[in-house]
Enquirer: 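First the structure, which I've put down as structure tokens, then a few questions once you've had a look.
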Amino acid sequence: MSAQVLTVTSGKGGVGKTTVTANLASALAMLGKRVTAIDGDIGLRNLDVVMGLENRIVYDLVDVVEGRCRLRQAMIKDKRQAELYLIPAAQTRDKTAVSPSDMVLICDQLREEMDYIVIDSPAGIERGFRNAVAPADKVLIVTNPEVSAVRDADRIIGLIEAEEKGPGQLILNRVKPAMVSRGDMLSVEDVLDILAVELLGVIPEDERILVASNQGLPLVMHGVNGASAGEAFRNVARRLEGEDVPFLELVQKQTFMSRLKSFMGGNS
Amino acid sequence: MSWLDRLLGKNETSGQTAKQRLQMVLIHDRADLPPGLLEVIKDDIIAVIAKHTAIDTAKVEVHLEQDTNENRLVAEIPLLTARARKNGAGGK
């Protein structure tokens, strides 16, 4: 069996690519899959801290590319999951230290031993993005329900189609159900209308994401008690595994009273 | 938005505004049109048509519209009536 390469990208920075990568890789590993996460953001590495593996880095992606170590030596094993690994980015180099064909080569070496390779792309549409997308079997586009993020997502969708990596699947991150209910945030349907792309996941805004990254323990590993963003990430992993999982009901169905209340109050 | 605005059906929500603005921006992005191009097209159209008939140049409008699966360039070019022409309005 050969691994599937998933590239997580967005165009715009700060929409949650690294959080999505960490949680998705963890959730897939929790389903018993063999997973390697690769930080593609050379010069600005972050996936290591979000996954809580920053103290165990010896070698990085650029060391592999430049032949200073074997691929296996750069793979940090996550002790909390049986088969979860991280290949960190170099912190002191820039994107030109790696080429798209290097990335294809590294992923090809990993394919036989893994079920999934999840690549965290840097923001932007330049070299780092092209490196991250080159080996992709599937591109996951992360966006927020916000005009600038959706605009960039549209640009990315165009670019991955041009690279024949399309059509890509969408993860809508940081949705605030209360704001959607009162009409002050683009809804899932609005975003899908605009981008015309297949939906893979809807992740609600959740304070526990920040707590999880403070601790270096991805939210999906925090257990199952009502973690709504964690639940949403686990659902994304199951959908990737081919399961038909319904999307979480985020926006409360409105009763007559709640409708009246929000009508009179305006902001509730 | 206040309940009174809602009652009167005024003011779209900011979410609706966001959607409409995005749709307009993306028409331009997807068609890869440089900013200012519509103005240039408008001036050229005015020059061509004004050679043949009098038009109200101040009211010429060129904009993009999006249909379900195509973008359309729409030009509105009001012709001047004989009376307006006599009074010297518009035209070059």
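These values consider heavy atoms only, across backbone and side chains, with no hydrogens, waters or symmetry-generated copies. Chain A is the first sequence line, chain B the second, and so forth, proteins listed ahead of strands; every chain is numbered from 1.
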Enquirer: Should we count CZ of A:R239 as having more than 12 external heavy atoms under 6.0 Å?
Expert: yes
Enquirer: Do other residues, nucleotides or ligands put more than 12 heavy atoms under 6.0 Å from A:R45 CZ?
Expert: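 Buried by this count: over 12 neighbours within 6.0 Å.
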Enquirer: With heavy-atom distances below 4.5 Å as the criterion, would you say the side chains of B:L22 and A:R151 are in contact?
Expert: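 Yes, at least one pair of side-chain atoms sits under 4.5 Å.
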Enquirer: What part of A:D154 lies closer than 4.5 angstrom to a heavy atom of chain B: side chain, backbone, both or neither?
Expert: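 For A:D154, side-chain heavy atoms alone lie under 4.5 Å from chain B.
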Enquirer: When heavy-atom pairs shorter than 4.5 Å are enumerated against chain B, which of A:V150, A:D193, A:V147 gives the highest number?
Expert: A:V147
Enquirer: Could you check whether atom CZ of B:R30 has more than 12 heavy atoms from other residues, nucleotides or ligands sitting under 6.0 Å from it?
Expert: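 Yes, CZ of B:R30 has more than 12 neighbouring heavy atoms, counting only those of other groups under 6.0 Å.
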Enquirer: Could you grab the distance from atom NZ of B:K19 to atom CG of A:L186, nearest 0.5 Å is fine?
Expert: 8.5 Å
